[in-house]
Amino acid sequence: MNVAPRLTGLVGDTALPSLLELDHVSISYPTPDGILTAVEDVSFSIAAGERLVLLGPSGCGKSTLLRAVGGFLKPSAGEIRMNGRRIGAPGPDRMTVFQEFDQLLPWRTVLGNVRYALERGKSMPRRDAEAIARRWLERVGLKNFVDAFPHTLSGGMKQRVAIARAFALEPALLLMDEPFAALDALTRRQMQDELLKLCEETGNTALFVTHGIDEAIRVGTRILALTPHPGRLAATFDVPPDTRARGSSGFGELERRIQETVFSAPEIDHV
Ligand SMILES: Nc1ncnc2c1ncn2[C@@H]1O[C@H](COP(=O)(O)OP(=O)(O)OP(=O)(O)O)[C@@H](O)[C@H]1O
């Protein structure tokens with residue numbers, strides 16, 4: 001367990017240059033009762049090819065951090081950098097998959113949703129965008145549903161479209177905000193395995209938010225545990241690849257250490 005934050009991503013024993021760096025980031029919201037500090041003094045980095053998981057109890061600021069990395073929120077202190085440059089706004093180098101099933105455009109077909117993202121995000125001609133969209137939809141098992149509209153799909157299928165859309169844009173960083181939380185356990189497990197396979201095949205870098213320890217170990221190469229209210233870094237854990245290969249029955253020791261950290265983290269009052 002490493003308690004100190006690191007500004008150089010480490011994969012195994014090899015120091016790699018960081019793709020994303022959070023440098024003493026705090027994020028606050030104005031509320032009718034005053035300023036609410038959601039995240040306080042968080043520093044970490046992600047190296048290319050890593051899948052970093054932010055793990056912590058509900059309300060600890062995981063989504064807030066993800067939104068700030070997405071460029072939708074500005075830190076009240078500290079800095080977020082991609083490839084050494086400060087993040088100021090959303091960009092096609094960061095694509096987010098959200099938990100909500102309504103993240104697709106309801107008036108466009110499955111194919112239209114992915115194609116449109118490529119046309120807009122990458123200024124791609126329609127024919128090229130359509131070819132890439134079809135390829136990704138086939139890859140996530142939706143070849144026979146390209147002409148369907150989102151409201152006719154199951155929750156899992158909608159998330160597959162959102163995942164296909166995100167991967168199709170080839171962002172430098174994939175942001176995943178509990179994308180499987182609203183799915184039944186069986187579908188969630190299947191989708192975790194599919195996501196893992198896609199990430200490993202493409203070498204994509206991902207920042208994944210969850211409050212499930214089992215999910216964190218399954219999808220992540222490294223886990224950052226946050227304290228409750230306001231979110232601060234409690235500890236980081238490397239997930240050895242053989243842990244995943246053993247399946248959830250083999251998560252024992254790591255799961256126990258994470259559980260101890262997450263549940264023994266002190267409750268800190270809002271500032
Ligand atoms: N727009 C907002 N305005 C005011 N407070 C907010 C806003 N969004 C989030 N918060 C507060 O910031 C804190 C962190 O919220 P956030 O959604 O980031 O937590 P989380 O760890 O992602 O929770 P969950 O796992 O339940 O999604 C919470 O106390 C929440 O009430």
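Counting starts at 1 for both ligands and their atoms, following the listed order. As the structure is a computational prediction, the values presented were derived from the model and not from experiment. Only this structure's heavy atoms are used, side chains among them; waters, hydrogens and symmetry mates stay out. Position 1 is the first residue of the sequence, and the numbers go up from there.
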Donor-acceptor pair, distance only, cut-off 3.5 Å: does the side chain of [X] make one with the backbone of [Y]?
| X | Y | result |
| --- | --- | --- |
| Thr227 | Ala234 | no |
| Asn113 | Arg108 | yes |
| Thr205 | Leu173 | no |
| Thr202 | Asn204 | yes |

Is Gly56 near ligand 1, meaning one of its heavy atoms is under 4.0 Å from it?
no
**Report entry** Gln99 to ligand 1, any heavy atom closer than 4.0 Å
**Finding:** no
Examine [X] against ligand 1 and note whether any of their N/O atoms are separated by less than 3.5 Å.
| X | result |
| --- | --- |
| Pro30 | no |
| Ala38 | no |
| Thr31 | no |
| Cys60 | yes |

Residues 55-99 vs ring pair (Phe, Tyr, Trp, His ring centres under 6.0 Å), sequence neighbours excluded, gives none
Residue pairs passing the ring pair (Phe, Tyr, Trp, His ring centres under 6.0 Å) test with at least one member in residues 172-211, sequence neighbours excluded, are none
Atoms of ligand 1 less than 4.0 Å from [X] heavy atoms?
| X | result |
| --- | --- |
| Leu36 | 11 (C), 12 (O) |
| Gly61 | 14 (C), 16 (P), 18 (O), 19 (O), 20 (P), 21 (O) |
| Glu178 | 25 (O) |

Within the 4.0 Å heavy-atom cut-off, what Arg67 brings close to ligand 1 is side chain
So for Pro57 against ligand 1, with non-hydrogen atoms under 4.0 Å, the contacting part is backbone
Judged by heavy atoms only, the candidate from Thr64, Leu226, Leu65 nearest atom 15 (O) of ligand 1 is Thr64
* Just by distance, with hydrogens left out, do Thr37 and Tyr29 show a side-chain donor and acceptor under 3.5 Å apart? -> no
Q. Is any NZ, NE, NH1 or NH2 atom of the basic residue among Glu138 and Arg135 found under 4.0 Å from an Asp or Glu carboxylate oxygen of the other?
A. no
